[in-house]
Amino acid sequence: MSKEITPRAQDYSQWYNDLVIKGSLADHSAVRGCMVIKPYGFALWENMRDVLDKMFKDTGHQNAYFPLFIPKSLFEAEEKNAEGFAKECAIVTHYRLKTDPNNKGKLIVDPEAKLEEELVVRPTSEAIIWNTYKGWIQSYRDLPILVNQWANVVRWEMRTRLFLRTAEFLWQEGHTAHATKAEAVEETTKMLDVYADFVENWMALPVIKGVKTPNERFAGAEDTYCIEAMMQDGKALQAGTSHFLGQNFAKAFDVKFSDKNNNLEYVWATSWGVSTRLIGALVMAHSDDQGLVLPPKIAPLQVVIVPIFKGDEQKAAIDAKVTVMMAELKALGVSVKYDDSDNARPGWKFAEYEMKGVPVRIAIGARDLEQNIVEVARRDTKEKANASIDGIGIHVKNLLDEIQQNIFNRAKAFRDDHITEANTWEEFVQLLDTKTGFISAHWDGTPETEDKIKEQTKATIRCIPLDNKQEAGTCILSGNPSTQRVLFARAY
RNA sequence: CGGGAAGUGGCGCAGGCCGGUAGCGCAUCUGGUUUGGGACCAGGGGGUCGCAGGUUCGAAUCCUGUCUUCCCGACCA
């Protein structure tokens, strides 16, 4: 089992791939662009999902489930949405195979079994959901509808990368319906806040909340809000989006309601989602050349205990102590594993759990028992220190909190250090080449300028930060007047 | 989809140009010695070379097609 990880400095992309595969998060599969999420990786996703799910429910949402397939006629109803996704859709055209008369043991698509209407494998579910909502909404009393679904979607991407961009991915998509514009806008920003809260406080990943420019907007949305995170190579990664859909889908699917005055009005909509891509963000943001670094609050395993012993007698003494420690840790809600497998020596285990990003490792040997101590190593800094076995539960619990905070602080310091202002085009271009990260610069607000900048530098406008201060300036490219700075970066 | 590289025991690779039915390291199994940062000795098992055709007496090796992955572009969460 070769466990060498390509160093970040040598090849950042390869480093990322190594982490995902050697950290046991996921593997490539036999299907182009689709990955197998392995138990360790899925445990991570489950933890993330559980926290988010609770946050959604705490903000009044309910889960439901809609079909994987969308009849083409429904899919094309909202024109912009359909156009935006058309070139990356998988389509079901037949419903039966038959044995190939010319080739024994092989199957062919039965031409007799062609569908009357093709089915689009959902790249997103607005269409099927709004078609359904039409039947759910008659009066203002039916509103709001606050529904979320956990699902898989398919987007036939040209170039895929584990977690960051796969042809099929897992996500949640919230779809809400409201009686007023104000309420829908409020929902949009509320869910953006939920995402930011989750990503910062659970994934320890600092984000910038902002609005997308028209160019970068979700197909079919009036406004797309987003949270943008920075990876260790300075590139931006969109970590979540929340869309204010206006009345676009209500009009496309003719969803109207009677208000209090008995007037028929179109319904206002939002949709919002985060995906397994978040795992990619997590990996890229915190990990190092030894392996994954996972935030304690969502790590599949928080603590691993490794025994060091000679002979059965010592092992038995260690076992007894460990049993007590495990009970203490579990009582405090800490997930802990005792790895006393005898097919690997301690050094091997140390390296292995570092690879997997387990936040805290406890080593306990005969000489520790004499002093009633253990060696506690933290993954984020790799510091090791002795700790008394008495009160180990509280000690570790506090350490986990400290690690969580430290990982966040580290990522935030890095990010803040990599946001730079540029005031001229020369400065802007030079910064992109010399210093990675986000660039805060004036833009004249036109899609044409944005396109030109993208063409020349590959940098896109990640967002217009929500807390932006207004200041007069001139666009770095066109020189036209501007009222505020926006954030540029090369992005994943 | 365009350009480049690659698919050989579980993993990482060699062999390929100059066809003659596979080899190395790690892992694995058995026994023993070990155990505070990826242990050591001895013995054993495991692959027909991505897949499908073709050339040939004979193909991992040559030819054609195809699938998948990685890197660079265009597209995107």
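Throughout, protein chains are lettered first and strands after them, A, B, ... in sequence-line order, and every chain is numbered starting at 1.
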Take atom [atom1] in [N] and the same atom in [M], then report the distance between them in whole Å.
N     : M     : atom1 : answer
B:A59 : B:U66 : P     : 23 Å
B:U64 : B:G4  : P     : 15 Å
B:C11 : B:C75 : C1'   : 34 Å
B:A42 : B:C24 : P     : 15 Å
B:G15 : B:G47 : C1'   : 15 Å
B:C18 : B:U61 : P     : 14 Å
B:U28 : B:G12 : C1'   : 16 Å
B:C51 : B:G9  : P     : 10 Å

What nucleic acid atoms does [X] come within less than 4.0 Å of, heavy atoms only: base, sugar-phosphate, or nothing?
X        : result
A:Glu354 : base
A:Asp342 : nothing
A:Phe169 : base
A:Ala366 : base
A:Leu164 : base
A:Gln238 : sugar-phosphate
A:Thr6   : nothing

Measure [atom1]/[X] against [atom2]/[N] and give the value in whole Å, please.
X        : N     : atom1 : atom2 : answer
A:Trp348 : B:G38 : CH2   : P     : 13 Å
A:Asp233 : B:C71 : CG    : C1'   : 15 Å
A:Lys349 : B:G36 : NZ    : P     : 11 Å

Test: A:Arg415 cationic atom under 6.0 Å from A:Phe438 six-membered ring centre, within 45° of axis | no
With A:Ala204, which residues qualify under side chain to side chain contact (heavy atoms under 4.5 Å, CB included), at least two apart?
->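 With sequence neighbours excluded, A:Ala204 shows a side chain to side chain contact (heavy atoms under 4.5 Å, CB included) to A:His286, A:Pro295, A:Gln404, A:Ile407, A:Phe408, given in chain and number order.
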Base-pair string, RNA chain B, Watson-Crick plus G-U, cut-off 3.5 Å on both distances, | for inter-strand, is ((((((((.[[[[.)....(..]]]].((((((.....)))))).....[[[[[..)....]]]]])))))))....
Residue A:Pro346, side-chain heavy atoms: nucleotide from B:U35, B:U28, B:C70 that is nearest | B:U35
Look at the side chain of A:Lys454 and decide which nucleotide, out of B:C75, B:G38, B:G36, has an atom nearest to it.
-> B:C75
Phosphate-side-chain proximity, [X] and [N], N/O vs OP1/OP2 below 4.0 Å:
X        : N     : answer
A:Arg361 : B:G37 : no
A:Asn17  : B:C71 : yes
A:Arg345 : B:A39 : yes

Expected rows: protein N/O vs nucleotides 67-69 of chain B N/O, under 3.5 Å:
residue, atom, partner, partner atom, Å
B:U68, OP2, A:Arg32, NH1, 3.4
B:U69, OP1, A:Gly33, N, 2.6
B:U69, O3', A:His28, NE2, 3.3

Sequence neighbours excluded, which residues qualify as side chain to side chain donor-acceptor pair (under 3.5 Å) partners of A:Thr124?
->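 For A:Thr124 the side chain to side chain donor-acceptor pair (under 3.5 Å) partners, ignoring immediate neighbours, are A:Glu126.
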Partner residues of A:Arg122 under the side chain to side chain donor-acceptor pair (under 3.5 Å) criterion, sequence neighbours left out =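 Per chain and number, A:Arg122 pairs via side chain to side chain donor-acceptor pair (under 3.5 Å) with A:Tyr65, A:Asn152.
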For A:Lys54, what residues pass the salt bridge (charged side-chain N to carboxylate O under 4.0 Å, His left out) criterion, not counting sequence neighbours?
-> A:Asp58
Who are the salt bridge (charged side-chain N to carboxylate O under 4.0 Å, His left out) partners of A:Lys38, not counting sequence neighbours?
-> A:Asp27
Only counting residues at least two apart or in another chain, list the ones meeting ring-ring contact (aromatic ring centres under 6.0 Å, His included) with [X].
X        : result
A:Trp156 : none
A:Phe488 : A:Phe428
A:Trp443 : none

Enter the distance from A:Leu282:CG to A:Leu292:CG here, rounded to the nearest 0.5 Å.
->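 So the gap between those two atoms works out to 8.0 Å.
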Starting at CE of A:Met35, measure out to OG1 of A:Thr276 and round the result to the nearest 0.5 Å.
-> 4.5 Å
For nucleotides 72-74 of chain B, tabulate all protein N/O to nucleotide N/O atom pairs closer than 3.5 Å, reporting atom names and distance.
residue, atom, partner, partner atom, Å
B:C72, OP2, A:Arg159, NH2, 2.5
B:G73, OP1, A:Lys458, NZ, 3.2
B:G73, N7, A:Arg159, NH1, 3.4

Which side chain to side chain donor-acceptor pair (under 3.5 Å) pairs, counting each pair once, include a residue from residues 202-215 of chain A, with sequence neighbours left out?
->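 Non-adjacent pairs meeting side chain to side chain donor-acceptor pair (under 3.5 Å): A:Asp193-A:Lys209, A:Lys212-A:Glu228, A:Lys212-A:Gln238, A:Thr213-A:Glu450, A:Asn215-A:Glu450, A:Asn215-A:Asp451.
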Nearest atoms (heavy-atom pairs only) where A:Ala184 meets A:Trp268 |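 Taking every non-hydrogen atom into account, CB-CB, 3.8 Å.
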Can you find a donor-acceptor pair, distance only, under 3.5 Å between A:Lys384 side chain and B:G37 base?
-> yes
Start at the 5' end of RNA chain B and walk down; is the nucleotide closest to A:Ile308 or to A:Glu157 reached first?
-> A:Ile308
Relative to the 5' end of RNA chain B, which residue comes earlier, A:Gly84 or A:Leu162, by the nucleotide with the nearest heavy atom?
->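 In this pair, the answer is A:Leu162.
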Fit a plane to each ring of A:Tyr133 and A:Phe66, take the angle between them on a 0 to 90° scale, and name the class: parallel (under 30°), tilted (30 to 60°) or perpendicular (over 60°).
-> perpendicular
